[in-house]
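In what follows, a single structure is set out as structure tokens and then discussed.
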Amino acid sequence: MKPLSLRYTLIFAALAALILLGSAIWALSGHSPAVSAAVPKEAKSPAAAQTKTLQPILPESKPLPVSEALSERIAEYHIEAQLIPDSGLLQASETITWTHPGQKPVQDLYFHLYPNAFASKDTTFMKESGGKLRGDAMPANGYGSMTLTDLRTSEGISLMQRLQYVQPDDGNVDDKTLVKVHLPQPVNGGESVTLKLKFDVRLPKIFARMGVSGNFVMAGQWFPKISVYEPAGTRGVKQEGWNLHQYHGTSEFYSDFGIYNVTLSVPSNYTVAATGFPVKNPRLKQDRKIYQFYADDVHDFAWAASPDFVVSEEAFSTAEVPGVRIKLYLDPLHKDLKERYFQAAKAALSTFSKWYGPYPYSTLSIVVPPRGGNGAGGMEYPTLITAAAAGDDDPGTQLERTVIHEIGHQFFYGMVANNEFEEAWLDESFTSYAEDRLMEQEYGVISNLPLQTSLVTSPQPLNLETWKYAGDDSYTRNVYIRGKLVLKDMEKQVGTKTMDSILSAYARKYRFHHPSTADFQKIVEKVTKKSWQAYFDQYIYSGGAPDFAVDNITIAMKKTGTEPPRYESSVEVSNKGSHYGEVPIKFMFSDGYTVQKYWSGEAKNTTIQLSYKAPLISAETDPAHSILLESKHLNNFRLSELRPATLSRWTLSITNLLENLLGTLVW
């Protein structure tokens with residue numbers, strides 16, 4: 001915290017700044033016609049009301065001026081919501097202005113109603129997940145839902161009779177997570193349409209990223225969110241149109257960048273953490289506390305609330321981070337661990353900004369859920385992350401790992417906003433790669449990659465639609481683990497410096513856009529100046545994996561006159577899977593001598609000849625398990641089959657043999 005005198009100096013400066021902002025305030029409450037020509041959006045800040053405020057807090061940064069807009073700002077949301085915690089109810093209204101980014105007239109708009117995933121056991125999400133996600137199960141009778149109570153044009157024309165729930169992925173009529181509304185008149189390319197909605201959300205008991213646990217509330221994916229309309233060329237699509245998917249058991253999200261102005265009413269003893277920043281201090285009105293948040297160039301808005309938060313703030317800046325206020329909302333169990341959270345956040349912000357481009361927002365909020373709120377933990381939202389739940393007052397480095405991982409998402413999910421329905425690996429794999437590297441750099445924690453490799457028993461394409469993986473386990477092992485291993489394998493081939501250039505170029509070029517796997521491939525090829533088509537075809541666009549085997553060993557003893565005998569060994573090796581070059585092969589002889597050779601891997605099989613004074617005991621492909629894309633190792637190792645007469649001449653003790661074998665098989 002700042003010294004008290006400095007705090008008040010900053011407070012008065014902030015009040016003066018808010019007064020200067022007053023002239024732009026009313027733009028936030030203006031009403032647009034149903035369809036209007038698109039005009040550049042001005043930076044907006046809600047009015048500073050002359051109301052009794054709470055204890056002074058540190059001043060906030062101003063929103064970016066319009067000249068510094070970082071995204072196209074396709075959608076603009078103005079939302080007012082009231083939390084009734086005893087019933088787990090949100091009552092809200094929303095005004096959304098959507099600007100058509102394509103060319104063809106559009107008369108149907110689509111909205112995601114994500115809370116309806118928890119409406120019954122028959123929704124698509126519940127059927128696919130079995131009521132479980134990331135180790136958590138839905139609590140008994142923990143259902144939640146969203147109800148649209150009103151929908152009108154800006155002229156007041158009701159559209160409620162024009163609503164139709166759609167299920168483009170599976171036809172499940174019990175799934176109401178996607179709704180279509182037919183407009184009275186079409187919206188042409190470049191024009192905007194404004195709709196006014198009222199809705200209620202019955203928050204589920206905390207599960208799958210959102211809900212209520214005791215007096216803790218996590219509101220993620222809580223408002224009607226317009227789907228993404230993709231112009232031709234976006235992610236390689238040939239024809240413009242809506243990208244439409246239901247909420248699936250393994251899927252996350254995809255939405256356009258825009259502006260959010262959100263007013264939240266909570267009980268007076270609650271503290272709120274949210275995307276963006278409060279444009280003024282919260283005000284008291286009877287027994288309620290009113291917050292107002294603003295965020296631009298983001299594609300989602302989330303918030304958490306609790307009367308128990310222990311709040312800390314620190315300002316942070318580096319050459320790559322112009323200035324950010326880190327806000328920590330701790331569960332009381334972790335109140336003494338705040339320094340660890342701040343250190344992890346600063347390491348992540350500074351390093352990822354250096355690697356992938358500057359963090360452009362003025363705030364970063366970290367929410368630590370209570371023990372019973374683990375279902376909300378470990379999740380990313382623009383400028384807000386949730387850490388692992390405070391289930392232990394002395395956690396290991398998993399505390400730092402979770403914070404670093406979720407801040408990594410700010411750079412990939414948050415700014416390089418890929419379609420998580422269809423190409424989740426572009427977020428999860430890239431973030432996991434960055435997380436591992438930073439954990440090693442800052443904390444000396446090295447992931448056991450060979451062990452992780454062994455978990456990928458059924459490799460599948462990385463650009464598969466998430467619900468087409470064979471369950472949550474397959475999704476996790478491919479999208480989180482295998483995708484990361486592919487990136488590590490690429491790094492091994494091109495070197496760390498070149499891999500840094502690849503990821504930096506990709507993250508900087510596509511921030512505030514919606515890239516595809518093909519876009520990433522183009523960057524790889526541009527940086528390395530060679531084609532990677534065969535590699536991407538085998539290991540990314542399909543579930544390729546090498547499968548090396550030592551198929552046979554034959555040994556013949558040759559003796560000439562009085563010379564000591566020599567042993568001629570013939571070793572047959574093969575790759576029963578996808579092509580992979582530069583395969584190390586280790587050969588061990590009976591006198592303890594070992595030699596390592598490399599196979600180019602150009603053909604499916606080869607035979608290697610060796611001549612040595614002692615017989616060959618064994619051969620093993622990839623002895624150090626350095627080829628991270630191979631998960632089947634049982635056929636990598638083979639003992640030679642020698643005649644009893646030859647066995648008696650071995651000079652290697654049984655103890656040494658066992659030590660070598662255990663060193664090979666236990667990793």
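In what follows, residues are counted from 1 in the order of the sequence shown.
Defined by atom type and a distance below 3.5 Å, a donor-acceptor pair is missing between the side-chain atoms of Thr351 and Trp355. Asp170 and Thr124 share a side-chain donor-acceptor pair at under 3.5 Å. Side chains of Thr517 and Asn463: no donor on one and acceptor on the other come within 3.5 Å. Side-chain atoms of His409 and Asp427 include a donor-acceptor pair closer than 3.5 Å. A donor-acceptor pair shorter than 3.5 Å can be found between the side chains of Asp622 and Ser626. Between the side chains of Tyr480 and Gln452, not a single donor N or O lies within less than 3.5 Å of an accepting N or O. In the model, Asp489 has a side-chain atom that pairs as donor or acceptor with a side-chain atom of Tyr535 under 3.5 Å. In summary, the side chains of His245 and Asn419 do not present any donor paired with an acceptor at a separation below 3.5 Å, with no hydrogens or angles considered. Between the side chains of Gln343 and Glu400, no donor-acceptor pair of N or O atoms lies under 3.5 Å. Between the side chains of Gln246 and Asn172, no donor-acceptor pair of N or O atoms lies under 3.5 Å. Checked by atom type, the side-chain pair Glu423/Tyr254 shows no donor-acceptor distance below 3.5 Å.
Shown here is Gln103, whose CD atom has no more than 12 heavy atoms of other residues, nucleotides or ligands within 6.0 Å. Around the NZ atom of Lys492, the shell of radius 6.0 Å holds more than 12 heavy atoms that belong to other residues, nucleotides or ligands.
Closest approach of Leu197 and Pro224 over heavy atoms only: CD2-CB, 4.0 Å. For the residue pair Leu426 and Pro515, the shortest heavy atom distance occurs at CD1-O, 3.9 Å. Closest non-hydrogen pair, Pro370 versus Ala389, comes out as O-CB, 3.3 Å. Across Val403 and Ala387, no two heavy atoms sit closer than the pair CG2-CB, 4.3 Å. Residue Ala274 comes nearest to Ser365 through the heavy atom pair O-OG, 3.9 Å, listed as atom of the first residue, atom of the second, then distance. Across all non-hydrogen atoms, the minimal contact from Ser631 to Thr453 is CB-O, 3.1 Å.
Under the side chain to side chain contact (heavy atoms under 4.5 Å, CB included) criterion, Ala81 pairs with Ala92, Trp222, Leu264, not counting sequence neighbours. Evaluation of the side chain to side chain contact (heavy atoms under 4.5 Å, CB included) rule for Gln164 yields Val166, Lys180 as partners, not counting sequence neighbours. Residues satisfying the salt bridge (Lys or Arg N to Asp or Glu O under 4.0 Å) test with Lys176, not counting sequence neighbours, are none. Applying the side chain to side chain contact (heavy atoms under 4.5 Å, CB included) rule to Ser474 yields the partners Gln460, Tyr469, Ala470, Asn478; only residues at least two apart in sequence or on another chain are considered. By the side chain to side chain contact (heavy atoms under 4.5 Å, CB included) test, Ser227 is found to be paired with Tyr110, His112, Leu178, Trp242, Leu244, residues two or more places apart in sequence or in another chain being considered. Qualifying ring-ring contact (aromatic ring centres under 6.0 Å, His included) partners for Phe118, counting only residues two or more places apart in sequence or in other chains: Phe125. Among residues two or more places apart in sequence or in another chain, the ring-ring contact (aromatic ring centres under 6.0 Å, His included) test is passed with Phe199 by none. By the salt bridge (Lys or Arg N to Asp or Glu O under 4.0 Å) test, Glu94 is found to be paired with no residue, residues two or more places apart in sequence or in another chain being considered. Here Glu630 pairs with nothing under the salt bridge (Lys or Arg N to Asp or Glu O under 4.0 Å) rule; sequence neighbours left out. Scanning for salt bridge (Lys or Arg N to Asp or Glu O under 4.0 Å) contacts around Glu422 gives Arg235, with sequence neighbours left out.
Rounded to the nearest 0.5 Å, atoms CG (Leu364) and CD1 (Ile407) are 5.0 Å apart. Atom CG in Asn116 sits 7.5 Å away from atom OG1 in Thr177 (nearest 0.5 Å).
Counting heavy atoms from C-beta on, the side chains of Ser129 and Thr250 never come closer than 4.5 Å. The closest side-chain heavy-atom distance from Trp425 to Phe430 is below 4.5 Å. Side chains of Tyr433 and Val486 form no contact here, defined as non-hydrogen atoms less than 4.5 Å apart. By the 4.5 Å heavy-atom criterion applied to side chains, Lys121 and Lys127 are not counted as neighbours. Using a 4.5 Å heavy-atom threshold, the side chains of Pro231 and Pro101 count as touching. Looking at His513 and Val416, their side chains never come closer than 4.5 Å, going by heavy atoms from C-beta outward. Taking the side chain as every heavy atom from C-beta outward, Lys522 and Asp519 approach each other to under 4.5 Å. Side chains of Met490 and Thr498 form no contact here, defined as non-hydrogen atoms less than 4.5 Å apart.
Taking the six-membered ring for Trp and thresholds of 30 and 60 degrees, Phe223 and Tyr77 have ring planes more than 60 degrees apart, a perpendicular arrangement.
Not less than 6.0 angstrom separates the ring centroid of Tyr381 from the ring centroid of Trp303. Aromatic ring centroids of Phe253 and Tyr413 lie 6.0 Å or more apart.
Residue pairs meeting the salt bridge (charged side-chain N to carboxylate O under 4.0 Å, His left out) criterion with at least one partner in residues 403-417, sequence neighbours excluded, do not occur; the list is empty. Sorted by first and then second residue, the salt bridge (charged side-chain N to carboxylate O under 4.0 Å, His left out) pairs involving residues 476-488 (not counting sequence neighbours) are Asp436-Lys484, Asp473-Arg477, Lys488-Glu491.
Using modelled atom types, no side-chain atom of Ser251 and backbone atom of Phe421 make a donor-acceptor pair closer than 3.5 Å.
When the options Phe520, Phe352, Tyr510, Tyr356 are evaluated for a ring-ring contact (aromatic ring centres under 6.0 Å, His included) with Phe412, the one that passes is Tyr356.
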